[in-house]
Amino acid sequence: ELLKEREWLMKRVEERGKEINDLRAELDTVKREGSEHRRRTAESEAQAQQSKRELENAKLREERARERARAAEEERNEREESVKKLRLNLAVAQEQMDRATEEA
């Protein structure tokens with residue numbers, strides 16, 4: 001009877017050992033999956049930050065381009081005004097020359 005009980009206990013110990021090994025393997029799998037998930041999450045967050053920086057940089061480049069376009073437009077307008085004044089001065093000078101020629 002003791003032999004049977006001993007065999008039964010040894011069998012239970014062996015079964016428990018297998019259960020423990022299975023649980024350890026499952027724990028290792030869960031840990032590995034957790035590590036992989038954290039790694040992917042960190043990569044995703046890094047990509048999101050990179051995308052955010054790229055968007056901010058694009059907005060800054062766009063704003064600078066707008067500022068350059070505004071400055072170019074202002075410069076063009078100033079040149080047009082300058083040309084108008086020069087033409088007016090030229091017309092006045094031409095008129096004065098014509099009068100001086102007529103008087104002479």
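Heavy-atom basis, side chains included; hydrogens, waters and symmetry copies ignored.
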- Message: Could you walk me through whether R38 and S35 satisfy the side-chain hydrogen bond (donor to acceptor under 3.5 Å, both in side chains) test, starting with their C-alpha distance in whole Å, then the side-chain angles of each, then the deciding distance to 0.1 Å, before giving a yes or no?
- Response: CA-CA 5 Å; R38 285 189 297 279; S35 293; 3.2 Å; yes

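- You'll find the side chain of L88 stays beyond 4.5 Å of the side chain of K84, heavy atoms only.
- Taking the charged nitrogens against the carboxylate oxygens, R64 and E67 have no contact shorter than 4.0 Å, which rules out a salt bridge.
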- Apply salt bridge (Lys or Arg N to Asp or Glu O under 4.0 Å) to E74 and R70, showing your working. CA-CA 6 Å; E74 286 177 19; R70 266 194 299 272; 5.9 Å; no

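- In this structure, T29 and R32 have side chains that are in contact, with non-hydrogen atoms separated by less than 4.5 Å.
- Atom-to-atom distance recorded for D22:CG and L27:CG is 12.5 Å, nearest 0.5 angstrom.
- In summary, the side chains of Q50 and E54 do present a donor paired with an acceptor at a separation below 3.5 Å, with no hydrogens or angles considered.
- For the atom pair CG (L23) and CD (E19), the distance works out to 7.0 Å, reported to the nearest 0.5 Å.
- The number of heavy atoms from other shown groups lying within 6.0 Å of CD (E5) does not exceed 12.
- Contact check for K18 versus N21: no side-chain heavy atoms found under the 4.5 Å cut-off.
- At least one donor-acceptor pair closer than 3.5 Å links the side chain of S44 to the backbone N or O of R40.
- Between E7 and K4, the closest side-chain pair of non-hydrogen atoms is not below 4.5 Å.
- For the atom pair K85 NZ and L90 CG, the distance stands at 16.0 Å (nearest 0.5 Å).
- Atom CZ of R6 has 12 or fewer neighbouring heavy atoms from other residues, nucleotides or ligands inside a 6.0 Å radius.
- Atom CZ of R16 sits about 13.5 Å away from atom CD of E14, to the nearest 0.5 Å.
- Ionic pairing of E63 and K59 is not present here: no N-O contact between side-chain nitrogen and carboxylate oxygen is shorter than 4.0 angstrom.
- Within the 4.5 Å cutoff, side-chain heavy atoms of N77 are placed close to those of E73.
- Under a 4.0 Å N-O distance rule, the pair E81/R87 does not qualify as a salt bridge.
- The distance from atom CD of E78 to atom CD of E80, rounded to the nearest 0.5 Å, is 11.0 Å.
- In this structure the side chain of N57 reaches within 4.5 angstrom of the side chain of R61, judged on heavy atoms.
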- Item | Stepwise side-chain hydrogen bond (donor to acceptor under 3.5 Å, both in side chains) test for Q96 and R99 | CA-CA 5 Å; Q96 288 173 350; R99 273 196 223 129; over 6 Å; no

- Message: Is there a salt bridge (Lys or Arg N to Asp or Glu O under 4.0 Å) between E36 and R39? Walk through the geometry before answering.
- Response: CA-CA 5 Å; E36 182 65 21; R39 184 188 63 75; 2.2 Å; yes

